[in-house]
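Structure record follows, encoded as structure tokens.
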Amino acid sequence: MLLFLLQISVLLAVATALGRVAARFRLPPVVGELTAGVVLGPSVFGNVLPAASDWLLPREADQTHLLGAVAQLGVLLLVGITGAHIDLELLRRKSTAIGFVSLGSVLLPLGLGFGLGFLLPDAMVGGSTDRPAFALFIGVAVAVSALPVIAKTLLDMRLLHRNVGQLIVGSAAISDIVGWLLLSIVSATVTRGLGPGVVLEAVGYLLAVLAFTLLVARPLARLVLRPTERSAAPEVSVSVIVVLIMLSAAGTHALGMEPILGAFLCGIVVGSLGTPSRRSLDSMRTFVMPVLAPLFLATAGLQVDLSTLARPSVLLAGVVMLTVAVVAKFAGGYLGARLGRLDRHEALAIGVGLNARGVVEIVVASVGLGLGVLTTASYTIVVLVAVATSVMTPPLLRHTTRHITTTAAETNRERQFAGHAN
């Protein structure tokens, strides 16, 4: 218990400090928070002061499971909050353009990432999986975007009210949904083997979960939350939402899928119920974002070992994967936008904006490491791709949106956003 309390204190303090440093340099705080784990892990602290590192962060399972449990709670609540960012009405209004963009920005990276998975060195494939499952996992890691990072970036740059910002958010939402669904299929194939029966069963469970979410979970959540919203104690609603997220996560996990999927779908349901539910989520956000999320990111960073990049084969694989991830996501988003009859400047901005992977890819990487799909080397590469794409997106997005004229409708939308903020 002493070590656990010290680990929480040190990880949160360093993650918060480095997150603020990153923000000062106009980078997403996720970069600094993840770097905290890298600094405290084998890459720096473990090399400089190995004895102190072994004492503070021992490798015994009983000790690591304590920290892992807190990180798991943090990531489930974080993903639930992410799901609440999904604007279903926006998806309906912009369905054609968003459909083309989402299709291009998911399918092209997924296909190229899947092919890349067969070309990476054997040393990067986890010992508890086979090559096809590993390749499918790499495809998913390359295909995802990060709605929380993208939304925060657009908000900071005052682009969320712009049409292009709305299209980027809507497409990122679809990309997130598809990513979690694919991750559940990968998890099922890894734990039970890749075969037609397993895939069909996984898809069947997914369809059942989606039908349950639409037909049962939403009216049930409304029924449960309505009395709490009228309660004089607003914290009751927050507690109920946390219970719903945990039960949803447990439900998908019981079906052999990732608990993250259940948490994400529950977040979408709660976010779709209106302003009171969203207000309760915002109350939860004030603890999750500054405390649990940095702890999860720092814990994820502890698994990164930069010394693996000293091996030429691993370094080359990292450069190739970063290149494929950036080019495929940009090309897919750009081509999809053009097919959706958007102009060249908007298409460029969308291709750039969707490239930020951030916390979503880090979650995917953590799942892959836990399942034994990834080795430390391949996990390090996937996490570094997440960080690199999150860092490069803001300046590129700032450059590509300079040439897009602001419309009267966008100005009115900005006033409405300002009114809601006030």
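Excluded from the calculations below are hydrogen atoms, water molecules and symmetry mates; all remaining heavy atoms, backbone and side chain alike, are included. In this chain, residues are counted from 1 in sequence order.
- For Ser102, the side chain to side chain donor-acceptor pair (under 3.5 Å) test picks out no residue, with sequence neighbours left out.
- A side-chain contact (heavy atoms from CB on, under 4.5 Å) with Val75 is found for exactly one of Thr299, Val70, Val363, Leu295, namely Val363.
- For Leu167 against Ala97, the heavy-atom pair with the smallest separation is CD2-CB, 4.0 Å.
- For Thr376 against Leu369, the heavy-atom pair with the smallest separation is N-CD1, 4.5 Å.
- Under the 4.5 Å side-chain criterion, counting only non-hydrogen atoms from C-beta, Val38 is not in contact with Leu302.
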Assess whether side chain to side chain contact (heavy atoms under 4.5 Å, CB included) is satisfied between Leu18 and Glu33, documenting all intermediate values.
CA-CA 6 Å; Leu18 293 184; Glu33 292 162 356; over 6 Å; no
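- Leu40 and Leu11 get closest at one heavy-atom pair: CD1-CD2, 3.6 Å.
- A donor-acceptor pair under 3.5 Å is absent between the side-chain atoms of Thr393 and the main chain of Gly353, judged by distance alone.
- Rounding to the nearest 0.5 Å gives a distance of 9.5 Å between OG1 of Thr35 and CG of Leu27.
- Two residues are said to be in side-chain contact when any heavy atoms from C-beta on lie closer than 4.5 Å; Ser366 and Phe296 meet this criterion.
- Proximity of a side-chain donor or acceptor of Ser43 to a complementary backbone N or O of Val39 within less than 3.5 Å is not detected.
- Phe330 and Leu348 make their closest contact through CZ-CD2, 3.5 Å (heavy atoms, listed as atom of the first residue, atom of the second, distance).
- Taking the side chain as every heavy atom from C-beta outward, Gln7 and Leu2 never approach each other to under 4.5 Å.
- In this structure, the separation between CG on Leu225 and CG on Leu220 is 9.0 Å, given to the nearest 0.5 Å.
- Residues Met289 and Leu78 have side chains in contact (heavy-atom distance under 4.5 Å, counting atoms from C-beta outward).
- Put simply, CZ on Arg357 and CD1 on Ile150 are 9.0 Å apart, with the number rounded to the nearest 0.5 Å.
- In terms of modelled atom types and a separation under 3.5 Å, the side chain of Ser171 and the main chain of Ile168 share no donor-acceptor contact.
- For Tyr334 (side chain) and Glu346 (main-chain N/O), no donor-acceptor pair under 3.5 Å exists by modelled atom type.
- A donor-acceptor pair under 3.5 Å is formed between the side chain of Ser378 and the backbone N or O of Met124.
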Using the side chain to side chain donor-acceptor pair (under 3.5 Å) rule, take Ser272 and Arg218 through it: C-alpha gap first, then chi angles, then the decisive distance, then the call.
CA-CA 8 Å; Ser272 70; Arg218 192 169 187 271; 2.9 Å; yes
I'd like to know whether Leu77 forms a side chain to side chain contact (heavy atoms under 4.5 Å, CB included) with Arg285, so could you lay out the CA-CA distance, the side-chain angles of the two residues, the decisive distance to 0.1 Å, and finally the verdict.
CA-CA 9 Å; Leu77 294 179; Arg285 182 186 179 92; over 6 Å; no
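- The closest side-chain heavy-atom distance from Ile174 to Val106 is not below 4.5 Å.
- Residues Ser105 and Lys329 come closest through the heavy atom pair O-NZ, 2.8 Å.
- Note that CG of Asp305 and CG of Asn47 are 7.5 Å apart. Values are rounded to the nearest 0.5 Å.
- Gln303 contributes atom CD, which lies 11.5 Å from atom CG of Leu374 (distance to the nearest 0.5 angstrom).
- With hydrogens and angles disregarded, no donor-acceptor distance shorter than 3.5 Å links the side chain of Ser53 to the backbone of Leu49.
- Side-chain contact between Leu56 and Phe45 is present, with heavy atoms from C-beta onward closer than 4.5 Å.
- Two residues are said to be in side-chain contact when any heavy atoms from C-beta on lie closer than 4.5 Å; Arg226 and Arg222 meet this criterion.
- Taking CG from Leu210 and CG from Leu214, the interatomic distance works out to 8.5 Å, rounded to the nearest 0.5 Å.
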Side chain to side chain contact (heavy atoms under 4.5 Å, CB included), that's the test. Do Leu384 and Leu309 meet it? Break it down for me.
CA-CA 11 Å; Leu384 290 180; Leu309 298 178; 3.5 Å; yes
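- With hydrogens and angles ignored, the 3.5 Å screen pairs a side-chain donor or acceptor of Asn355 with a backbone N or O of Val326.
- Shortest non-hydrogen contact noted between Leu108 and Ala331 is CD2-CB, 3.8 Å.
- Counting only heavy atoms from C-beta outward, the side chains of His345 and Thr400 never approach each other to under 4.5 Å.
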For Val142 and Leu110: C-alpha separation, side-chain torsions, deciding distance, then whether side chain to side chain contact (heavy atoms under 4.5 Å, CB included) applies.
CA-CA 6 Å; Val142 171; Leu110 180 66; over 6 Å; no
